[in-house]
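Report on one structure; see the data block that follows.
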Amino acid sequence: MKSRKILTTLFAAASVATLLGAAPVTVNAASSVSTTTSTKKSPKLIIQNIPKLSKWGYIVNVNSRAQPIYVGQSNYAKMVNNPHFKGTRTVSPKKIKNVRFKVEKVMHFKGVSGSPEYFVTSKDHKYNGWTPSAGLQYYAINSKPLQKVIKSLKKIEGRSPIKQNGKFTSKGTITDRKWLAKNEHDYALAVKAAKKLKGNQRKFVLGSLKQMKQDGVLRNVMMEKKDNILLWSVN
């Protein structure tokens, strides 16, 4: 799974490079629902608000060089709806490892293959950038109280249903009841451990686990494609 995330990150970066090297496109202002970045004949990008991630506020760290993070408050307004904009200064992930970011937008690729990218910004808008989910993680993912939750989620993530009997669909949905029962067991343990957390961490983790079940992650092996910050952080 970890290697697949790395490949996903590299692949997403390559897709962005391909798109940005194509003919100029027009970027429109974002609405409360979505913004489409497109040519008249062949739309390439769709940028949308993503409230189910933005509502958590500044809880994300950037941990990848897959896409640059630009320095400068003036970049925020230029980049938030325009992935083509390039700032003049970038910052190393090592120098911002303790800086918390908020996920504000998601960019889907249309007409070409590639993973979604997310626009993230620091609280003072000093740091801004577009990056794949594999370059982001929950800031407290390594905290001791959270490890029992993470342990259970790793078991679900690592439990591939791909067997000789092929008890899964082409979309990755598990049809093997025994595998599903194991996932549900570990999910219940994760929820039990999350209820022992405190404050905002408890709220975030329980909310993420609830979303995980609503999104059908227990029945689908492609966990990293879900818009779930907690799941992005499990590797």
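For the single chain, residues carry numbers from 1 onward in sequence order.
Residues that satisfy the side-chain hydrogen bond (donor to acceptor under 3.5 Å, both in side chains) test with D124, not counting sequence neighbours, are S122. Remark: P93 engages R65 in a side chain to side chain contact (heavy atoms under 4.5 Å, CB included) (not counting sequence neighbours). Residues forming a side chain to side chain contact (heavy atoms under 4.5 Å, CB included) with Y139 (at least two apart in sequence, or on another chain): I59, N61, R100. Here Y187 pairs with nothing under the ring pair (Phe, Tyr, Trp, His ring centres under 6.0 Å) rule; sequence neighbours left out. Not counting sequence neighbours, S74 has no partner by the side chain to side chain contact (heavy atoms under 4.5 Å, CB included) test. Judged as a side-chain hydrogen bond (donor to acceptor under 3.5 Å, both in side chains), and not counting sequence neighbours, Y70 has no contacts. For H125, the side-chain hydrogen bond (donor to acceptor under 3.5 Å, both in side chains) criterion is met by T121, not counting sequence neighbours. Under the ring pair (Phe, Tyr, Trp, His ring centres under 6.0 Å) criterion, F101 pairs with no residue at all, not counting sequence neighbours. In terms of the side chain to side chain contact (heavy atoms under 4.5 Å, CB included) criterion, residue partners of K154 (sequence neighbours excluded) are, by chain and number, I150, V234.
Going from atom CG of L189 over to atom NZ of K155 covers 7.0 Å, rounded to the nearest 0.5 Å. Note: N63 CG to Q137 CD = 4.0 Å, rounded to the nearest 0.5 Å. Note that the CD atom of Q73 and the OH atom of Y127 stand 10.5 Å from one another [nearest 0.5 Å]. For the atom pair E157 CD and S152 OG, the distance stands at 12.5 Å (nearest 0.5 Å). Here the CD1-CD distance, from I47 to E117, works out to 10.5 Å after rounding to the nearest 0.5 Å. One finds the NE2 atom of H108 at 4.5 Å from the CD atom of Q48 (value rounded to the nearest 0.5 Å).
Proximity of a side-chain donor or acceptor of N228 to a complementary backbone N or O of L230 within less than 3.5 Å is detected. In this structure a side-chain-to-backbone donor-acceptor pair under 3.5 Å is present from S54 to V103. Judged by distance alone, the side chain of W56 and the main-chain N or O of K102 form no donor-acceptor pair under 3.5 Å. Remark: side-chain polar atoms of S233 are paired, donor with acceptor, to backbone N or O of Y138 under 3.5 angstrom.
Residues P68 and T90 approach most closely at CB-CG2, 3.8 Å, considering heavy atoms. Smallest separation of non-hydrogen atoms from I229 and V60: CD1-CG2, 3.8 Å. When all heavy atoms of S143 and Q201 are compared, the pair lying nearest together is OG-NE2, 3.4 Å. Scanning both residues, W130 and M107, for their nearest heavy atoms gives CZ3-CB, 3.5 Å. Pairing each heavy atom of L153 with each of A190, the nearest pair is CD2-CB, 4.3 Å. The two residues A66 and S64 have their closest heavy-atom pair at N-OG, 3.0 Å.
Applying the salt bridge (charged side-chain N to carboxylate O under 4.0 Å, His left out) test to every pair with at least one member in residues 180-201, sequence neighbours left out, gives these pairs: R159-D186.
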Donor-acceptor pairs under 3.5 Å, side chain of residues 203-214 to any protein atom, not counting sequence neighbours: which ones?
{"residue": "S208", "atom": "OG", "partner": "F204", "partner atom": "O", "Å": "2.9"}
{"residue": "Q211", "atom": "NE2", "partner": "D215", "partner atom": "OD2", "Å": "3.4"}
{"residue": "Q211", "atom": "NE2", "partner": "D227", "partner atom": "O", "Å": "2.4"}

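Side-chain polar atoms of Y76 and E104 form a donor-acceptor pair below 3.5 angstrom.
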Apply side-chain contact (heavy atoms from CB on, under 4.5 Å) to L45 and H84, showing your working. CA-CA 11 Å; L45 307 175; H84 299 269; 4.1 Å; yes
Give the intermediate values and the outcome of ring pair (Phe, Tyr, Trp, His ring centres under 6.0 Å) for residues W232 and Y118. CA-CA 12 Å; W232 294 348; Y118 300 84; 4.7 Å; yes
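Residues N81 and K105 form a side-chain contact, since some pair of their non-hydrogen atoms from C-beta on lies under 4.5 Å apart. The shortest distance between side-chain heavy atoms of I69 and N128 does not fall below 4.5 Å.
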